[in-house]
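Excluded from the calculations below are hydrogen atoms, water molecules and symmetry mates; all remaining heavy atoms, backbone and side chain alike, are included.
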Amino acid sequence: MEHGYIKVAALSPKIKVADPKYNGEVIIQQAKEAALQGACVMVFPELCITGYSCGDLFWQELLLQEAKDELYVIADQTALLQALIFVGLPLEYMGKLYNTAAVLHRGKVLGIVPKTFLPNYAEFYEARHFSRGMAQTVPVTLREGVEVPMGTNQLFVCENMPALRIAAEICEDLWSPNPPSIGHALAGANLIVNLSASDEVTGKDRYRRGLVTGQSARLVCGYIYANASDGESTQDVVYSGHSLIAENGVLLEESQRFTNGVIYSEIDVDKLTGERRRMSTFEAADAANYTTAAFSLERVRTTLSRFVDPAPFVPGQKADRDRRCEEILAIQAMGLKKRLEHTGCRCAVVGISGGLDSTLALLVTVRAFDMLHIAREQILAVTMPGFGTTDRTYENAVHLIQKLGADLREISICDAVHVHFQDIRQDPHMHDVTYENSQARERTQILMDIANMHDGMVIGTGDMSELALGWATYNGDHMSMYGVNASVPKTLVRHLVRYFADTCGDQGLSEVLLDVLDTPVSPELLPPKEGRISQKTEDIVGPYELHDFFLYYILRFGFAPGKVFRLAEIAFGDIYENETILKWLQVFYRRFFSQQFKRSCLPDGPKVGSVAVSPRGDLRMPSDASARIWMDEIKKLMDA
């Protein structure tokens, strides 16, 4: 439960149709095994105590009574488990039969949730046996002296983790036009469980997967879908045990079809709470018509089995990566195209260093010009060698410009910067921040003035990672007339350039791009050593793969340092020591807070993903905010 994680399980036991005693035994066994794995919420399939496929046997009093008796056997035998358990059974109330989910906790039945929508087509004739469930709860006597509430409008709330609020629906409920889970979520439920007996036909698994993941996204919730398996009757249909666990549109775990067993994952309750908090369109409804039942769980550190992507900005699968790269390049180019059209500008000015960011900016500019049918010669690509420029980056810059057909301009900044040093009385042998920033500002002045001469527009090259860290010279490379890379993190820049290299169809251009990718990231503002880059950015501010990871979880979900560190441990445990991760996490927070003033006056630029730092959109943060509470937590982590 630490950091908001709760371990959950979807279980599909191999039952026997119409044998509640046998089924109860396998349910108890699976529940105990799941508890040993740390599962705190367990969901079994629809009508699992009797079997879903009993047909007209549901009218047999003996079957109904033994199912009710077995429910209490299951409750008694799982009383010591630290879990909330959902099991399905048929239950009679006021002369009507209902398809229900019983909610068990520490030997007690907390509530009964009936199914709302009953299929009555093809192979399913539930309306023949069951009645539609009531919304408002009614008292149901399960045994002498024991009454429990039955109704769909029920929330099960964890006392020692109040953010965890659980509700249930049953199979067809999800497939209906107006699933009960919509009302549950609006009433505060952030974990929906579904007890299901969905048969298998060709292609249905894809539809089922889409339903579960889509509903979890629409409701910003966790969703546990436990499906009946091959213990059910195969008289007319087959049940595959296809169970799923999803969270806010992401499929966390999925069982293999045509098997029995259990799947586990962890639901991040804090993340779901944070997502709803920031969504103005998620309007909570009045929960006054809901009955609430409390349960408690032992506070333990949940072991995480869910995958933590070390590169959250980069798509994992190659096919998806190629599609996403193409999409991002299109967004960047469309943004620039619109700005050029609106201003009537037919000339762009781009400073080309031979590094990754300026390379991507030039590639995007070329795309925009091609879309506007403007000759590439109207792109003024300016390389400006300075005190730190190496032969490798200079040659890559020149070859890149030539291969893309832009207008190459070469302007050395050395003489102009030396004059500037004399004007401000800067010792040229003092390689301090003034020495570095003077070069960056001189380059920006050149670009701006060339743009004025040609009625052009200066295209910004800086990426989102640099903006997050404030790794930009104020009013130097920090400034432009349109920043095409403003919301592209460094780790994604690499993949976009790689994608272009793989798909451009020009061997010479591809070789240049691959060499750019192989070049260390550097501002090249300090003199080279033996002709090689002496100033490597990641040696100074830290690895960009770590900073992009931090950036994603801090801005996208608002996670605290302790949770970010925990996830980083999992994602990078085989690459970095914990002390190294904490060191750079501290650097990230320090720079992120202290450098907001640079982000507060950013040029326009297109948003390409779910995280951005524009002061007009995603990050409206005061420039003088204190970082104390975040730095205090990091210090505690370091001292632990």
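Scanning all heavy atoms of the two residues, the minimum distance from S487 to V608 falls at OG-N, 2.9 Å. Between A406 and A381, the shortest heavy-atom distance links the atoms CB-CB, 4.1 Å.
Aromatic ring pairs are classed by plane angle as parallel below 30°, tilted from 30° to 60° and perpendicular above 60°; the pair Y553 and F549 is tilted. Between F550 and H547, the ring-plane angle classifies as perpendicular under the 30° and 60° cut-offs. By the 30° and 60° cut-offs, the orientation of the rings of Y435 relative to F421 is parallel.
Remark: M448 CE is packed, more than 12 non-hydrogen atoms of other residues, nucleotides or ligands lying under 6.0 Å away. For D432, the CG atom is densely surrounded, since the number of other residues' heavy atoms within 6.0 Å is greater than 12. With a 6.0 Å radius and a threshold of 12 heavy atoms from other residues, nucleotides or ligands, F282 has its CZ atom above the threshold.
Note on D268 versus K563: salt bridge recorded, some NZ/NE/NH1/NH2 to OD/OE distance being below 4.0 Å. By the 4.0 Å N-to-carboxylate-O rule, R346 lies too far from D455 to be salt-bridged with it. Between E275 and K271 there is no salt bridge, since no side-chain nitrogen of the basic residue lies less than 4.0 Å from a carboxylate oxygen of the acidic one. E326 and R367 are joined by a salt bridge, as a carboxylate oxygen and a charged side-chain nitrogen come within less than 4.0 angstrom of each other. Using a cut-off of 4.0 Å between Lys/Arg side-chain N and Asp/Glu carboxylate O, E253 and R306 are scored as not salt-bridged.
With rounding to the nearest 0.5 Å, the separation of CD in Q332 from CG in L363 is 9.5 Å. Considering CZ of R556 and OG of S610, their distance stands at 4.5 Å, rounded to 0.5 Å. One finds the CD atom of E442 at 13.0 Å from the CG atom of N437 (value rounded to the nearest 0.5 Å).
Between F387 and H418, the ring centre distance stays below 6.0 Å.
In this view, Q402 satisfies the side chain to side chain donor-acceptor pair (under 3.5 Å) rule with no residue, not counting sequence neighbours. By the side chain to side chain donor-acceptor pair (under 3.5 Å) test, R218 is found to be paired with Q215, residues two or more places apart in sequence or in another chain being considered.
Distance alone, capped at 3.5 Å, is enough to place a donor-acceptor pair between the E633 side chain and the G562 backbone. D518 contributes no side-chain N or O that, together with a main-chain N or O of L514, makes up a donor-acceptor pair within less than 3.5 Å.
With M384 as the fixed residue, the side chain to side chain contact (heavy atoms under 4.5 Å, CB included) test singles out one of I352, T389, I446, T444: I446.
Relative to the ring axis of F592, R599 places its NZ or CZ within 45° and under 6.0 Å from the centre. Cation-pi geometry between K598 and Y474 is not satisfied (NZ or CZ under 6.0 Å from the ring centre, within 45° of the ring normal).
With hydrogens and angles left out, the side-chain atoms of E524 and S353 include no donor and acceptor closer than 3.5 Å.
Here side-chain hydrogen bond (donor to acceptor under 3.5 Å, both in side chains) pairs that include residues 615-628, with residues two or more places apart or in two chains, are S600-S623, D604-R616, K607-D618, R628-D632.
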